[in-house]
Peer 1: 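A single structure is presented below for examination.
Just so you know, these numbers come straight off a predicted model, no measurement behind them.
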There are 2 protein chains.
Amino acid sequence: MKRQKLTIGTLSRETGVNIETIRYYEKIGLLAAPERTEGGHRVYDSDGLKQLIFIRRCRGLGFSIEEILSLSDLVTAGTYTCEEVQSKTEVHLSDVRTKIKSLRKMEHALATLVKECEGGKTQDCAIVDTLFELRV
Amino acid sequence: MKRQKLTIGTLSRETGVNIETIRYYEKIGLLAAPERTEGGHRVYDSDGLKQLIFIRRCRGLGFSIEEILSLSDLVTAGTYTCEEVQSKTEVHLSDVRTKIKSLRKMEHALATLVKECEGGKTQDCAIVDTLFELRV
DNA sequence: CTACAATCTGTAGTCACTACAGGTTCAAGA
DNA sequence: TCTTGAACCTGTAGTGACTACAGATTGTAG
């Protein structure tokens with residue numbers, strides 16, 4: 001098990017997170033500041049890699065930076081319980097479900113508009129009519 | 001049919017769009033600049049009301065400002081065809097469907113995590129394990 | 001030793017608002 | 001008419017989660 005040392009470019013390629021974003025995560029305190037070379041270039045080890053993968057995975061699941069910070073604090077402090085983590089995840093899950101519901105409504109409304117519209121060369125358009133109706 | 005004159009506050013209450021947002025829409029050229037009183041207060045008529053309702057309705061359907069501008073230009077120029085409007089709406093509908101799909105994936109992943117987690121007082125947590133796995 | 005790729009910092013831009021600060025105008029009551 | 005206070009004005013800065021530079025420095029392969 002040799003210690004791997006990664007430049008920011010390599011880390012970026014390995015994780016698919018782009019360089020500016022990595023630096024941004026460091027700046028806002030989400031990703032731990034790594035060691036530096038004499039010249040000031042960042043040098044990451046496997047802990048940095050692990051942390052960034054965690055962040056990327058959480059983002060992929062739609063967690064906000066704020067939520068990730070709180071999960072991450074919990075975990076790195078080593079004080080978390082399974083219960084707490086589960087509860088934060090459930091809260092987020094219900095947010096996601098709310099968003100899905102609202103998008104479904106939009107989808108339905110849009111699909112109805114498209115269906116009602118004749119799609120011809122005229123200006124007699126059900127979509128325009130509906131969007132401009134004066135009823136509030 | 002009497003000409004109605006509305007202050008920005010009344011317009012805001014009628015449409016549910018807040019005052020700052022109305023001024024913002026004007027600034028970015030989405031909403032036509034209304035007449036002013038001698039003292040400089042905005043005075044809207046029924047055209048302004050109609051236009052703002054249209055904007056609000058489009059935003060409610062998830063159209064971006066850019067999309068609304070382009071729809072709105074088409075319509076106010078009077079050069080639109082039903083076909084064009086329908087096609088823009090369809091493009092947007094397919095964006096919405098893409099978003100729904102991606103949120104569904106999130107939902108599934110999160111639900112699985114929550115289910116696998118025991119939720120106890122221990123630190124043996126399936127969620128943490130999964131999020132910290134080193135597999136990229 | 002040179003060339004050039006990679007990295008550095010810092011700032012500004014994105015989207016669609018929202019939230020002030022500090023000033024002016026309007027409308028209703030005395 | 002005067003006064004009060006609500007409503008309005010402009011302009012700027014902040015939000016979230018990045019992205020896109022500019023201009024300088026460092027690292028490395030040939």
Peer 1: Quick one: do A:R42 and A:E35 make a salt bridge, cutoff under 4.0 Å?
Peer 2: no

Peer 1: Within the structure, does a side-chain N or O atom of B:R59 lie under 4.0 Å from either OP1 or OP2 of C:dC17?
Peer 2: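 Answer yes for this pair, as a side-chain N or O of B:R59 is under 4.0 Å from OP1 or OP2.
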
Peer 1: Could you check whether A:I19 gets within reach of a base, just the sugar-phosphate, or nothing at all, counting any heavy atom under 4.0 Å?
Peer 2: sugar-phosphate

Peer 1: Between A:E67 and A:K88, does any NZ, NE, NH1 or NH2 come within less than 4.0 Å of an OD or OE carboxylate oxygen?
Peer 2: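 Answer for the salt bridge query: no.
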
Peer 1: Can you work out whether A:V43 or B:S64 has the more 5'-proximal nearest nucleotide on DNA chain C?
Peer 2: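 Result of the comparison: A:V43.
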
Peer 1: Expressed as a whole number of angstroms, how long is the span from B:I28:CD1 to C:dT18:C1'?
Peer 2: 14 Å

Peer 1: Could you state the atom-to-atom distance from CD1 of B:I22 to C1' of C:dA16 in whole Å?
Peer 2: 15 Å

Peer 1: How many Å lie between CZ on B:F63 and P on C:dA16, as a whole number?
Peer 2: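 That distance rounds to 13 Å.
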
Peer 1: Rounding to a whole Å, what distance do you find between B:E20:CD and C:dA21:P?
Peer 2: 13 Å

Peer 1: In whole Å, I'd like the distance from the CZ atom of A:R36 to the P atom of D:dT26.
Peer 2: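 Answer to the nearest Å: 12 Å.
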
Peer 1: For A:K27 and D:dC18, what is the distance between atoms NZ and P respectively, to the nearest whole Å?
Peer 2: 13 Å

Peer 1: Answer yes or no: is there a side-chain heavy-atom contact under 4.5 Å between A:C58 and B:L131?
Peer 2: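 The answer is yes; the side chains approach within 4.5 Å.
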
Peer 1: On the nucleotide C:dT9, are OP1 or OP2 found under 4.0 Å from the side-chain N or O atoms that A:R42 carries?
Peer 2: yes

Peer 1: So do the side chains of B:Y44 and B:L49 get within less than 4.5 Å of each other, counting heavy atoms only?
Peer 2: no

Peer 1: Closer than 4.0 Å, any side-chain N/O of A:T21 to the OP1 or OP2 of D:dT19?
Peer 2: yes

Peer 1: Output yes when at least one side-chain N/O atom of A:N18 is less than 4.0 Å from OP1 or OP2 of D:dC18, else no.
Peer 2: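 It does not, given that no N or O in the side chain of A:N18 lies less than 4.0 Å from OP1 or OP2 of D:dC18.
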
Peer 1: Starting at the 5' end of DNA chain C and moving along, which residue's nearest nucleotide shows up first, B:I65 or B:T7?
Peer 2: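 Nearest nucleotide further toward 5': that of B:I65.
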
Peer 1: Which one, D:dC9, C:dT7, C:dA19, comes nearest to the side chain of A:H41?
Peer 2: C:dT7

Peer 1: Using only side-chain N and O atoms of B:R23, determine if any of them is under 4.0 Å from OP1 or OP2 of D:dC9.
Peer 2: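 Result: yes.
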
Peer 1: With a 4.0 Å cut-off, would you call A:E90 and B:K115 a salt bridge?
Peer 2: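 No, A:E90 and B:K115 are not salt-bridged.
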
Peer 1: Provide, to the nearest angstrom, the distance between the CZ atom belonging to B:R13 and the C1' atom belonging to D:dA6.
Peer 2: 11 Å

Peer 1: Among D:dA17, D:dC8, C:dT18, which nucleotide sits nearest the side chain of A:Y24?
Peer 2: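 Nucleotide nearest to A:Y24's side chain: D:dA17.
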
Peer 1: Could you tell me the separation between the CD atom of A:E26 and the P atom of C:dG10, rounded to a whole number of Å?
Peer 2: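 One finds 12 Å between P of C:dG10 and CD of A:E26, rounded.
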
Peer 1: Please state whether the phosphate of C:dC17, meaning OP1 or OP2, lies under 4.0 angstrom from any side-chain nitrogen or oxygen of B:Y25.
Peer 2: yes

